[in-house]
Amino acid sequence: MRYLKLIFANYKYCLLRLLEFRAEVISWTFISVFWALFHLAIMNFIYDQVDSVAGWTRSEALVLSVTGSLFNSLLWFFVIPSLLDFGEKIRKGDFDFYLLRPVNPRFLISISRFEFDNYLRALVMILVIIKLAPMAAPINVSQIIGFIVLYAAGIAIYYSLFFLITTLSFWLVNMESLEDIFDSAVTLGRYPTNVFSGAFRIIFFYVVPMVFVATFPVQVLLGKSGWELVGLGVLMAGIFLFVSDKFWNFALRHYSSASS
Amino acid sequence: MRKYWVYYKTGMAQVMAYRGSLLVWLVCNFISLATGVAVWLSVSNRGVLGGYTISQLITYYVLGIFIGWTINWNPFPGTKKEIKSGSIAATLVKPVSFLGQRAMWEASWRSVSMVFGLGGTLVAGFVLAEHISLPNIGSNLFLLGISFVLATSLQFMLGMCLALLAFWFTEIEGLASMRWIALEVLGGMAIPLGFIPQSFVLMVKLLPFRYMYSFPMEIIFAKVSGADLFKGLILQTIWLAIFIVIYRLMWERGLKAYVSIGQ
């Protein structure tokens, strides 16, 4: 309950701070929608020339692209902004104050910043998925639930992965290109990941699991795969959360303050 | 000229501090390239798509690493920062052209990024050798060079014009982002313009974005030749002249609106 209150308190603080710059929020809100539409347009241009890509038809691939955009929006809601903030705090020595508070520092870091300019994009993408998915395949309640669970597992996996990478800031103080790495990892999940084979397949399935951005959730939603994928997603989420937590504790033991 | 050379040398020193970031960006490029190549190799129709064969499409993206890192001049962040922070006041009292100074900073950055881009292209080309279709640009090399210079100048001037909006508006990052969307879709950076539906072709040919990236690529892959090539070069020149005029007007009005405090 205490942790929930902290989330809402920080959410409200970030929202009030952002509303001081209303024009900026409005402009970025519409620009983020434009970016999502841009990716949809590119997918459409490709499918004007081909019938399928790796066995995915146009309507299936559009659902995939939109699902990828939604995933990006959700990560940019609080995961990525908070982690980028974390790197900055270590550089400036502000991280020490997080260690002094009577709250789990990892929790505090993970909810330190909320960004609201992707709200409209997320909403638009959800509406588009609701419209497009039934056109690609018949949908039932079980598939929808499986999609949501797998999606949540995907967010947990990416949160853990990005947290693990950001924890390297304890040693590599200057990690300015983090945002580009995160963006690349998520943006590419818009494409069907079964286009890869060999070593790339292993990397994009297990190391940087792009499959959980959109491919696996959409496969479950469209009935192309069953609950075994959901189970795999939940298992992977558990593993990634465990590993990132272990690494975090290891990093904390070796942290030396920048003298705040 | 020597004073501008100093800006170039100082810029080079600064760029070398970011060589780690350049490497990361190159890795991100490789990831994008790997995905793009995998997608094109998985399409159902393996003939000519958007006017390009699959090999040409893959070559388009491989060459795009070097070309993008060479011609995508982006003075926007540095110029905007200089105006917003007030450090432009120090430049205004010096006997240097602000445009020249920014061009030298950008040139120093591109001198290094071009090397990274070339390295990246060569590595990608080596790995994907069996899928590459090297274009023959021998006869158009001179015109390609002119087109490159014009495309680079167009990107630079667009970035400068957008950055000068900082004289009047507090938040202009959104416009910079829209510029990249326009370049990706209408400039051919995300996908060759041959894929754009016919109903948009006239708009694409009239707007400046094609001439900032796609047009040099079209020369490389012999998608334009003869009279169309010369028309394209003329349009590049006309757009460059337009952006120069817009820049001069914005600069004069911006200086009148600008107030420097405590510099």
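So you know, we letter chains A, B, ... as the sequences are listed, proteins then strands, and number each from 1. Quantities reported herein were computed from a predicted structural model and do not represent experimental measurements.
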task = Identify which part of B/Val185 has an atom lying under 4.5 Å from any heavy atom of chain A, answering side chain, backbone, both or neither.
result = both
query = Relative to chain B, which segment of A/Phe34 carries a heavy atom at a distance below 4.5 Å: side chain, backbone, both, or neither?
reply = both
note = Smallest heavy-atom separation, B/Phe195 atom then A/Ile46 atom, equals CD2-CA, 4.4 Å
key: Residue, of B/Ile191, B/Leu41, B/Ile181, that accumulates the most heavy atom pairs under 4.5 Å with chain A   = B/Ile181
ask   = With chain A, which of B/Thr170, B/Val37, B/Val39 has the greatest number of heavy-atom pairs at distances under 4.5 Å?
value = B/Val39
note = Most contact-rich option vs chain A, by heavy-atom pairs under 4.5 angstrom, among B/Val43, B/Leu23, B/Thr35, is B/Thr35
task = For B/Ser177 and A/Trp35, run side chain to side chain donor-acceptor pair (under 3.5 Å): C-alpha distance rounded to whole Å, both residues' side-chain angles, the deciding distance at 0.1 Å, then the answer.
result = CA-CA 9 Å; B/Ser177 192; A/Trp35 274 110; 2.9 Å; yes
ask   = Does atom OH of A/Tyr191 have more than 12 heavy-atom neighbours, drawn from other residues, nucleotides or ligands, at distances under 6.0 Å?
value = no
request  = Look at the side chain of A/Gln49 and the backbone N and O of B/Gly50, then say whether any donor-acceptor pair between them is shorter than 3.5 Å.
outcome  = yes
remark   = Checked A/Ser27, A/Ala54, A/Ser52 vs chain B; the most non-hydrogen pairs under 4.5 Å come from A/Ser52
note = Of all heavy-atom pairs linking B/Ala190 and A/Ile42, the shortest is CB-CD1, 3.9 Å
Verdict with reasoning, B/Trp40 to A/Val195, per side chain to side chain contact (heavy atoms under 4.5 Å, CB included) = CA-CA 9 Å; B/Trp40 290 119; A/Val195 299; over 6 Å; no
Interatomic spacing from CD1 in B/Ile196 to CG in A/Asp48 - rounded to 0.5 Å = 10.0 Å
ask   = Do you know which of A/Asn194, A/Thr193, A/Val53 has the most heavy-atom pairs under 4.5 Å to chain B?
value = A/Val53
Exercise: identify the closest heavy-atom pair between B/Pro197 and A/Phe45 = CD-CE2, 3.2 Å
message = For B/Lys205, is the NZ atom crowded, meaning more than 12 foreign heavy atoms sit under 6.0 Å from it?
response = no
key: A/Ala41 portion near chain B, given a 4.5 angstrom heavy-atom threshold   = neither
